[in-house]
Amino acid sequence: MRGVLIWHPTSPGSDRSVVDVDNRAEVREFLISRRAKITPQLAGLPDVGTRRVPGLRRGEVAALAGVSVEYYSKLERGALAGVSASVLNAIARALQLDDAERTHLFDLAHAADGTSAFLRPRRRTTKRWSPRPSLQWALDAITNGPAIVRNGRMDLLATNHLGRAMHSSLYDGDPDGQQPNFARYTFLDDDSHSFYPDWDLAADICVAVLRTEAGRDPQDTGFHDLVGELSTRSEDFRRRWSSYNVRLHGAGTKRFHHHVVGDLILSYESLDMAAEPGLNLTLYSAEPGSPTAHGLALLASWAATENLAPKRSVTATGIQGT
């Protein structure tokens, strides 16, 4: 299936790892998709001749980047191993990549070099992961807005009391005890269409975050399993996954509709956790005195009556750490 990243065991006697094969496919499709978005007009080039595919020709990208057509064609076939930072920057400028896309290109290059695991060390264990007491204390100390911790696979790992209450439908959607996962909830749970009033935007962001993670850690088997599951079960996911869009998810505003307190418009700030590489802390807040601030107060009261307790541990296969 084109555009779907699925894990397979390395074939006996193969002289290239499956990681390498997957990386080359990722590089190829990403560069082709970015090239298709740049018109000659955007690049300041004359539009000469009939174009069989959208966007720039390989030769035009090569000229803009200051490399030969042969060399750029080699890169677009997926051969990023050993490419210098100056060449990557030149390609990024030629394709007019934004910050997220440029970062993704460098992540793919690190993966091709085999340095991504060194740059982002990970632990892979089947033990139950629990937030350190001090981390949970810090989360619980945040009382005026939801706070959550997730990994690159979009597993919901820890929350404060309001975070647990706000995402109650996420937990309710896992009757078999499977750890809550934002991507699985978005594409496989019908309740997500109510929870996210701007569902298409939420779905776009979700897949872009996952695609970004794919470039950072091509060896995460849990990630491959998740993408394979979503690709098999959701046409909406497959279509978005094949677009190769990426995103740096740092700050912004989101709309939610909670089944108890109604509409919430929340600002968010997402922070990488230095003590837990690969994990992300997201803090939500409401404008003081706004209807959403009132809604959060109602949510806190409801959570207290329902005795919702944040889950303290989840399976940590593929969780990143020191």
Side-chain angles (χ1 to χ4, degrees), residues 1-6 20-81 83-112 183 187 200-216 218 223-224 227-228 230-231 234-249:
M1 184 182 300
R2 185 178 184 272
V4 176
L5 187 151
I6 302 176
D20 178 50
V21 174
D22 285 342
N23 174 259
R24 292 176 72 93
E26 284 286 302
V27 173
R28 180 176 65 250
E29 298 296 340
F30 178 67
L31 289 178
I32 289 173
S33 67
R34 299 313 93 174
R35 178 162 62 87
K37 289 189 170 186
I38 304 300
T39 64
Q41 290 79 10
L42 285 173
L45 298 174
D47 190 358
V48 179
T50 302
R51 295 178 184 269
R52 294 178 297 173
V53 295
L56 297 179
R57 301 183 177 96
R58 289 190 184 90
E60 292 169 332
V61 176
L64 289 169
V67 299
S68 69
V69 178
E70 293 77 12
Y71 186 66
Y72 177 74
S73 297
K74 176 183 175 182
L75 299 184
E76 200 172 89
R77 289 194 296 271
L80 276 190
V83 177
S84 68
S86 61
V87 170
L88 292 174
N89 278 319
I91 297 299
R93 287 193 298 270
L95 294 175
Q96 301 183 21
L97 303 186
D98 61 23
D99 289 343
E101 292 167 331
R102 180 185 176 279
T103 298
H104 188 60
L105 179 63
F106 273 78
D107 284 339
L108 291 172
H110 290 314
F187 290 98
D200 284 315
L201 176 60
D204 288 344
I205 291 173
C206 177
V207 175
V209 170
L210 286 178
R211 179 59 80 177
T212 303
E213 183 66 13
R216 292 172 177 164
F223 181 88
H224 286 246
V227 171
L230 295 175
S231 299
S234 172
E235 170 61 29
D236 287 318
F237 179 84
R238 285 197 299 274
R239 185 177 67 256
R240 288 172 168 85
W241 185 252
S242 65
S243 70
Y244 285 82
N245 292 327
V246 294
R247 177 185 177 92
L248 297 177
H249 199 53

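Residue numbers start at 1 and run along the sequence shown.
Looking at every heavy atom in both residues, Ala90 comes nearest to Ala65 through CB-O, 3.4 Å. The heavy-atom pair separating Arg240 from Ala203 by the smallest distance is NE-CB, 3.5 Å. Residues Gly215 and Ala111 come closest through the heavy atom pair O-CB, 4.1 Å. Among all heavy-atom pairs drawn from Glu60 and Pro46, the shortest one is OE2-O, 4.3 Å. The two atoms that bring Leu210 and Phe223 nearest to each other are O-CZ, 3.1 Å, heavy atoms only. Closest heavy-atom contact between Phe237 and Val227: CE2-O, 3.9 Å.
The closest side-chain heavy-atom distance from Val87 to Leu75 is below 4.5 Å. Counting heavy atoms from C-beta on, the side chains of Leu64 and Leu45 come closer than 4.5 Å.
A donor-acceptor contact shorter than 3.5 Å links the side chain of Arg35 to the backbone of Leu56. A donor-acceptor contact shorter than 3.5 Å links the side chain of Arg238 to the backbone of Ser231. Between the side chain of Glu101 and the backbone N or O of Leu95 there is no donor-acceptor pair closer than 3.5 Å. Checked by atom type and distance alone, the side chain of Thr212 never pairs as donor or acceptor with a backbone atom of Val246 at under 3.5 Å.
Looking at Leu105, Val83, Leu108 one by one, the single match for side chain to side chain contact (heavy atoms under 4.5 Å, CB included) with Val27 turns out to be Leu108.
The distance from atom CZ of Arg102 to atom CG of Leu97, rounded to the nearest 0.5 Å, is 9.0 Å. Expressed to the nearest 0.5 Å, how far CG of Asp99 lies from CZ of Arg247 amounts to 12.5 Å. Rounded to the nearest 0.5 Å, atoms CG (Leu80) and CG (Leu88) are 6.5 Å apart. Expressed to the nearest 0.5 Å, how far CZ of Arg58 lies from CD of Glu70 amounts to 12.0 Å. The NZ atom of Lys37 lies 14.0 Å from the CD1 atom of Ile32; values are rounded to the nearest 0.5 Å.
Partners of Ser243 under the side chain to side chain donor-acceptor pair (under 3.5 Å) rule, at least two apart in sequence or in another chain, are Asn245. For Asp236, the side chain to side chain donor-acceptor pair (under 3.5 Å) partners are Arg239, not counting sequence neighbours.
In this pair, Phe30 and His104 present their aromatic rings perpendicular. The plane angle is above 60°, beyond the 30 to 60° band.
Relative to the ring axis of Tyr244, Arg34 does not place its NZ or CZ within 45° and under 6.0 Å from the centre.
No salt bridge links Glu29 with Arg211; every basic N to acidic carboxylate O contact stays at or beyond 4.0 Å.
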Does Val61 form a side chain to side chain contact (heavy atoms under 4.5 Å, CB included) with Leu31? I'd like the steps, not just the answer.
CA-CA 10 Å; Val61 176; Leu31 289 178; over 6 Å; no
